[in-house]
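Only a predicted model underlies this, so the values are computations on that prediction, with no experimental measurement involved. Quick note: residue numbers are just sequence positions, from 1.
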Amino acid sequence: MKLSGWLLRIGLILMIALSLVFSWLIWQNPSRLGHQQAAVTVTSKSDTDATKKIGTVLAPTQAYYQHANTKQLLFTPDEDVITALHTTVKNWQLKTVTAGGKLTASEYNALLASNDTLQLVYPDNVAYQLFNGNWFKSGEKVANFAFNRIVINLSAHQDSLVLVNDRTRTIHTATLKNNSTQKLQAQIDADAATSFAVQELRLSNGRQVADFSDEIQVQPYVYLLDQQSANHYVSLLIPSAQTSNVDARELGSDTVYTAGTDYRLTLNQDTQVMQFDDASATNKDASLAGNLQKSYTALSSLDLLGMNSMRYYHYNKVTRMVTFRSVAQGLPIFNPDYYGRVTVADTDSGRQMFFSTNNLTVPIPTAQAKVTLPATQAVIAHITNVGYAESAIEDIALGYHWAKQDENSQVVTLTPTYFVEIGGRYRRYTKWLGPSADKQASASAVVATHEQQ
């Protein structure tokens, strides 16, 4: 056979092989050259109790014990103190609730320094309408109001408690029935043995934060990781009548799933952050109670295996955005890529959610040494020394940093540290390097809450 014949045959074989390669790439591409009709299925285990856990998710995150003119942040290794306290008091009931007006600064400080009290504190205001029946048994239904602190008397006046709004210093007093502090006091005494001595510091924005007067030591944690595919969330968030006609497209590093004109789910392949937009879920209710309820329902729709560790953390009344965070040992978890965080905004134009495909499930015992952290005033000194005004500090939180794990790792290490919020953005206190290093963070007090770390 002539050389030209061999070359022709070899060329044809190469063209056929190349055609097969391109065909395979097209079929593997989820957008099928920019367009496809995608069928989806759920492959994970469902948490059937997710919709029943509102009392756990909308729970306080800190417990203070004021005794003998000292205050302690109750903390017990390998235990969620708040959940244990809730188990003890869940059968209590509010008998009457009366408004007590606004306290002066001295009256407010005296209340917080009242001896023999247990003070349960939320990271942000919660509505009485959602508190009633979800923390204690359903009690008296009164006009709705917002508060973030519960002061329970353990000696005198055991038949009452006070609901406090720290920012406004307004109070409501509630009488109790079916309550007994004997078991509660025993539990507090046990937790106090491993707790931290604190004072409380009032920031310029009216927020009260724990002020640790000495160095503290906190145990790192290791958790198993739950990772879900985009298809999992497509089938959960987009109505079943629409899932057979989902259109998937690749736009740069994003994969965008749409169904009709109302539903859009976007996965960023680099960060594994998902954004869900539902134009059909319009909401004209601007109340705190209404938005917390709707946001909790949206959170439940994600069917997270780690739902028990999710806590309500913040509400932005301007954008109506509710932020939920995972907690470990009762301490919030922070990460720049939405690991351990879900935000939900229900507005007149629809619902928007941000969340990660990576979520925590269960803790794993670890023998890692405790991390020593400085006193709170040392953290404030660090912030001011690098150029920020103390008045710029919006929050100081003891929490866990979730570092981005290796791509194939199924475990996550959580490292304790302080997080400081400036300009609406949380960062580890050592990462605030001054205005010259991060002008955007300090120049604006309006930073999108979905950019918090």
Could you list the donor-acceptor pairs under 3.5 angstrom formed by side chains in residues 369-377, with sequence neighbours left out?
residue	atom	partner	partner atom	Å
Thr372	OG1	Gln217	NE2	3.1
Thr376	OG1	Phe212	N	2.7
Gln377	NE2	Asp211	OD2	3.4

OG1 (Thr173) and CG (Leu163) are apart, to the nearest 0.5 Å, by 8.0 Å

Short question: side chain of Thr70, backbone of Gln66 - any donor-acceptor pair under 3.5 Å?
no

Q) Does any N or O in the side chain of Gln219 come within less than 3.5 Å of the main-chain N or O of Gln368, such that one atom is a donor and the other an acceptor? A) yes

* Asked: Taking the six-membered ring for Trp, are His172 and Phe147 ring centroids under 6.0 Å apart?
  -> no

* Does NZ or CZ of Arg325 come closer than 6.0 Å to the centre of the six-membered ring of Tyr426, within 45° of the ring's axis? -> yes

Distance col, row Tyr263:OH vs Ser280:OG, nearest 0.5 angstrom, shows 3.5 Å

*Assert yes or no for the condition that the ring centre distance of Phe334 to Trp402 is strictly below 6.0 Å.*
no

### Message
Treating Thr271 as the side-chain partner and Val273 as the backbone partner, does any N or O pair qualify as donor plus acceptor under 3.5 Å?
### Response
yes

Please tell me if the side chains of Leu267 and Thr357 come closer than 4.5 Å, counting only heavy atoms from C-beta onward.
yes

How about Ile238 and Asp278: do any of their side-chain heavy atoms sit closer than 4.5 Å?
no

Looking only at atom types and distance, does a side-chain atom of Asn291 sit under 3.5 Å from a main-chain N or O of Asp285, one as donor and one as acceptor?
yes

Tested for side chain to side chain contact (heavy atoms under 4.5 Å, CB included) against Val151, the lone hit among Val164, Ile171, Leu120 is Val164

dist Arg351:CZ -> Asp346:CG (nearest 0.5 Å) comes out at 4.0 Å

* To do: Kindly indicate whether the side chain of Thr347, heavy atoms from C-beta on, has any atom under 4.5 Å from the side chain of Thr319.
  => no

**OP:** Step by step, work out the side-chain hydrogen bond (donor to acceptor under 3.5 Å, both in side chains) result for Gln119 and Thr117.
**Re:** CA-CA 6 Å; Gln119 301 176 29; Thr117 58; 3.2 Å; yes

message: Please determine whether a side-chain nitrogen of the Lys or Arg among Arg149 and Asp166 lies less than 4.0 Å from a carboxylate oxygen of the Asp or Glu.
response: yes

query: Is there a donor-acceptor pair closer than 3.5 Å between any side-chain N or O of Asn268 and the backbone N or O of Asp270?
result: yes

Students often mix this up, so state it plainly: with edges at 30° and 60°, are the rings of Tyr400 and Tyr221 parallel, tilted or perpendicular?
perpendicular

Please report the C-alpha distance between Gln227 and Gln410 in whole Å, then the side-chain angles of each, then the deciding distance to 0.1 Å, and finally whether the side-chain hydrogen bond (donor to acceptor under 3.5 Å, both in side chains) criterion is met.
CA-CA 8 Å; Gln227 297 173 303; Gln410 295 301 308; 2.9 Å; yes

**Leu331 and Val218, any side-chain heavy atoms less than 4.5 Å apart** = yes

**Prompt:** Any side-chain heavy atom of Leu161 within less than 4.5 Å of one from Asn153?
**Reply:** no

**OP:** For the residue pair Leu302 and Val342, establish whether any side-chain heavy-atom pair is separated by less than 4.5 Å.
**Re:** yes

Any side-chain to backbone donor/acceptor pair from Gln187 onto Leu184? Under 3.5 Å, distance only. no

_Is any side-chain heavy atom of Glu421 closer than 4.5 Å to one of Ile393?_
no

If you measure only the distance, is there a donor-acceptor pair under 3.5 Å linking the side chains of Asp226 and Asn358? no

So the ring-ring contact (aromatic ring centres under 6.0 Å, His included) pairs with at least one residue in residues 355-382 (sequence neighbours excluded) are Tyr233-Phe355, His382-Tyr429

query = With distance as the sole test, does Gln72 use its side chain to make a donor-acceptor pair with the main-chain N or O of Ala192 at under 3.5 Å?
reply = yes

Exercise. Do Glu394 and Arg207 sit within salt-bridge range, that is, some charged N less than 4.0 Å from a carboxylate O?
Worked result: no

*Report the relative orientation of the aromatic rings in Trp92 and Phe136; use parallel for angles under 30°, tilted for 30 to 60°, perpendicular for over 60°.*
parallel

Output for pair (Lys141 NZ, Asn132 CG), nearest 0.5 Å, gives 6.0 Å

>> Tell me whether the rings of His67 and Tyr65 are parallel (<30°), tilted (30 to 60°) or perpendicular (>60°).
In response: parallel

(Q) Could you check whether Asp277 and Gln275, counting side-chain N and O atoms only, form a donor-acceptor pair closer than 3.5 Å? (A) yes

Rounded to the nearest 0.5 Å, the CZ atom of Arg341 sits from the OG atom of Ser326 at a distance of 11.0 Å

Requested in this report: Check the pair Asp348 / Arg320 against salt bridge (Lys or Arg N to Asp or Glu O under 4.0 Å), numbers first and verdict last.
Outcome: CA-CA 10 Å; Asp348 296 352; Arg320 301 188 205 171; 3.4 Å; yes

Please check if the side chain of Ser204 supplies one atom and the backbone of Ser391 the other of a donor-acceptor pair under 3.5 Å. yes

dist Met353:CE -> Leu265:CG (nearest 0.5 Å) comes out at 10.0 Å

### Message
With side-chain contact (heavy atoms from CB on, under 4.5 Å) as the criterion, how do Leu130 and Trp135 come out once you've worked through the C-alpha distance, each side chain's angles and the decisive distance to 0.1 Å?
### Response
CA-CA 9 Å; Leu130 292 180; Trp135 185 256; over 6 Å; no

*Relative to the ring of Phe419, is the ring of His401 parallel (under 30°), tilted (30 to 60°) or perpendicular (over 60°)?*
tilted

* Ignoring hydrogens and angles, tell me if any N or O in the side chain of Thr361 forms a donor-acceptor pair with the backbone of Leu224 under 3.5 Å. => yes

*asked:* If you apply the rule side-chain hydrogen bond (donor to acceptor under 3.5 Å, both in side chains), what do you find for Gln269 with Thr255, and how did you get there?
replied: CA-CA 7 Å; Gln269 299 289 354; Thr255 302; 2.9 Å; yes

Test item: Gln329 side-chain N/O and Asp80 main-chain N/O as donor-acceptor pair under 3.5 Å
no

